[in-house]
Number of protein chains: 2
Amino acid sequence: MTAAPTPSLRERKKLRTRQALIDTALELFTERGFGGVTLDELCEVVEVSKRTFFRNFTSKEDVAMAPEQDLWRAFLEELETTAPDGLPLVELGRDALLAALERMADEGWARRVLLSRRLAERTPSMAAHGLQFCEATTQGALEILRRRFGLGGGDDVRPRLAVDMLIAAHHCAMAGWVDQAGGAAPPATPDLAVRLREAVAALPGSLTMSVEG
Amino acid sequence: MTAAPTPSLRERKKLRTRQALIDTALELFTERGFGGVTLDELCEVVEVSKRTFFRNFTSKEDVAMAPEQDLWRAFLEELETTAPDGLPLVELGRDALLAALERMADEGWARRVLLSRRLAERTPSMAAHGLQFCEATTQGALEILRRRFGLGGGDDVRPRLAVDMLIAAHHCAMAGWVDQAGGAAPPATPDLAVRLREAVAALPGSLTMSVEG
DNA sequence: TTCAGTTATGCCACTGAGTGGCATAAGCGT
DNA sequence: ACGCTTATGCCACTCAGTGGCATAACTGAA
């Protein structure tokens, strides 16, 4: 929609090293664990100075969480351009997230996210970094909602709760998707979309659910 | 209920240095910012070796988030001993959290949490650490629910969503409480309890809320 | 009080993440 | 071929966090 077809050689080169860093990092971390790989090693493999690494990513955790960050960035963009429709806020967000998900269909995004999540499960600092980015996305989403629709003014906590619910549903969907992917079939983004719909649909039930039943 | 009245001199000493580290850390961080204070400085003020610091806390962020961790620990204990009652899961959790909150009424807990949250607002790594601890608490809560009530077996996502909703409500309550506390009156835990009740009560409305209304 | 046994602490050296400064090379427009 | 911009490389540095080992402090019993 907005991107140029060929964003100049310099840009492409930068993007390529960035991608190489992400892919190599996921590979090495998966092989020997997050703590078992130093940045110096990673940089040596990719043939890049450590200084360059930190111009592309904010931290060691950041490079391994990059795939998910792409999704959230796309989500905010979708939320920015989507039509109100009078839908419930949660469903509005859900549709924006689904649209963002469809944009990720290309290349090996699914594979990368899968590796990233598996890593995050056994690496607290990665999990923390991911959650922090979710929080930042929440803030961004609320800002958009406030600006576009005038929501969240004063002390109305409902928009915030609605966005948090959506993200909770996403976490559930992602967790189930990652677990399922352990078996034979390589996981695909459509599967994740289905799970997200299910999780959002389960929200009302989980609100009223009681311990016996 | 379970604690001993005087847990031996050694224990008390340990607790004292721990508390001194927390208080001094909050003080110094508030004064000069999280990044503006090195652990060596902190340890020098408290007259403790850096090695000792890391026997009490897992990281620099950890010491500043200790007050909130106490709350979550108490929450899990309450959840462990609370009666089912046939209440909705979210309300069960809410009551456990309220009970935990009442346990925090003593001393300057409110003041410490306030400082901690203010710090976390402008220190991403602290926010991340806090979120990660919430996530760990969620896992712990789900484990308790599964063990005590057989919930969450198979692929039922509802318990997980319910717990996440509770935590989202808590975040809202906490955020509002911290903002309000900026004025004159020093904030108290009862105020936080009220806000938590309100936030939980707002959950159904936020689920159905639409953009025009 | 003394004497073991336990446990917290201090000290020291070390790894590795992350930063700042500055020179250089690579892409870019003319 | 020429400057101009921008990414990169290199170097030295700070500081968080860890491991090992000696020592001091507490504890419980003789």
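The chains referred to below are lettered A, B, ... by the order of the sequence lines, with proteins before strands, and numbering in each begins at 1.
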Legend entry - Gap between atoms CG and C1', on A:L15 and D:dA7 respectively (whole Å): 14 Å
Legend entry - Stretch residues 129-136 of chain A: residues that reach within less than 4.0 Å of DNA chain C through a heavy atom: none
Inset, instruction - Please list, by residue number, the residues of residues 51-65 of chain B whose heavy atoms come closer than 4.0 Å to an atom of DNA chain C; answer none if no residue qualifies. - result: B:R51, B:T52, B:R55
Inset, instruction - List in chain and number order the residues that pass side-chain contact (heavy atoms from CB on, under 4.5 Å) with A:E78, two or more places apart in sequence or in another chain; answer none if no residue qualifies. - result: A:T81, A:A96, A:A99, A:A100, A:R103
Inset, instruction - Report the distance from atom CZ of B:R18 to atom P of C:dA8, rounded to the nearest whole Å. - result: 14 Å
Legend entry - B:L203 versus B:S206, closest heavy-atom pair with distance: O-OG, 2.7 Å
Inset, instruction - Please list, chain by chain and in numerical order, all residues satisfying salt bridge (charged side-chain N to carboxylate O under 4.0 Å, His left out) with A:R147, sequence neighbours excluded. - result: A:E80
Legend entry - Any donor-acceptor N or O pair under 3.5 Å, side chains A:Q139, A:E143: no
Inset, instruction - Name all residues meeting the ring-ring contact (aromatic ring centres under 6.0 Å, His included) criterion together with A:F54; count only those two or more places apart in sequence or in a different chain, and write none if there are none. - result: none
Legend entry - Partners meeting side-chain contact (heavy atoms from CB on, under 4.5 Å) with B:D155 (sequence neighbours left out): none
Legend entry - Least distance between heavy atoms, A:L89 atom then A:A162 atom: CD2-CB, 3.9 Å
Inset, instruction - Would you jot down, in residue-number order, the residues of residues 21-48 of chain B having a non-hydrogen atom under 4.0 Å from DNA chain C? - result: B:E47, B:V48
Inset, instruction - Kindly state each residue pair satisfying salt bridge (Lys or Arg N to Asp or Glu O under 4.0 Å) with at least one member in residues 15-29 of chain A, sequence neighbours excluded. - result: A:D23-A:R112
Inset, instruction - Indicate, with a heavy-atom threshold strictly under 4.0 Å, whether B:K14 touches base, sugar-phosphate, or nothing. - result: sugar-phosphate
Inset, instruction - Identify, with sequence neighbours excluded, every residue that meets ring-ring contact (aromatic ring centres under 6.0 Å, His included) alongside B:H170. - result: B:W72
Legend entry - Contacts of type salt bridge (charged side-chain N to carboxylate O under 4.0 Å, His left out), residue B:E41, not counting sequence neighbours: B:R32
Inset, instruction - Answer yes or no: is there an ion pair linking A:D164 with A:R160, defined by an N-O contact shorter than 4.0 Å? - result: yes
Inset, instruction - Can you spot which of A:L114, A:L115, A:V113, A:V63 makes a side chain to side chain contact (heavy atoms under 4.5 Å, CB included) with A:L26? - result: A:L115
Inset, instruction - Output all residues satisfying salt bridge (charged side-chain N to carboxylate O under 4.0 Å, His left out) with A:D62, sequence neighbours left out; order by chain, then residue number. - result: none
Legend entry - Per-nucleotide protein contact string for nucleotides 23-30 of chain C, where B marks a base within reach and S marks sugar-phosphate only (heavy atoms under 4.0 Å, - for neither): ---BBS--
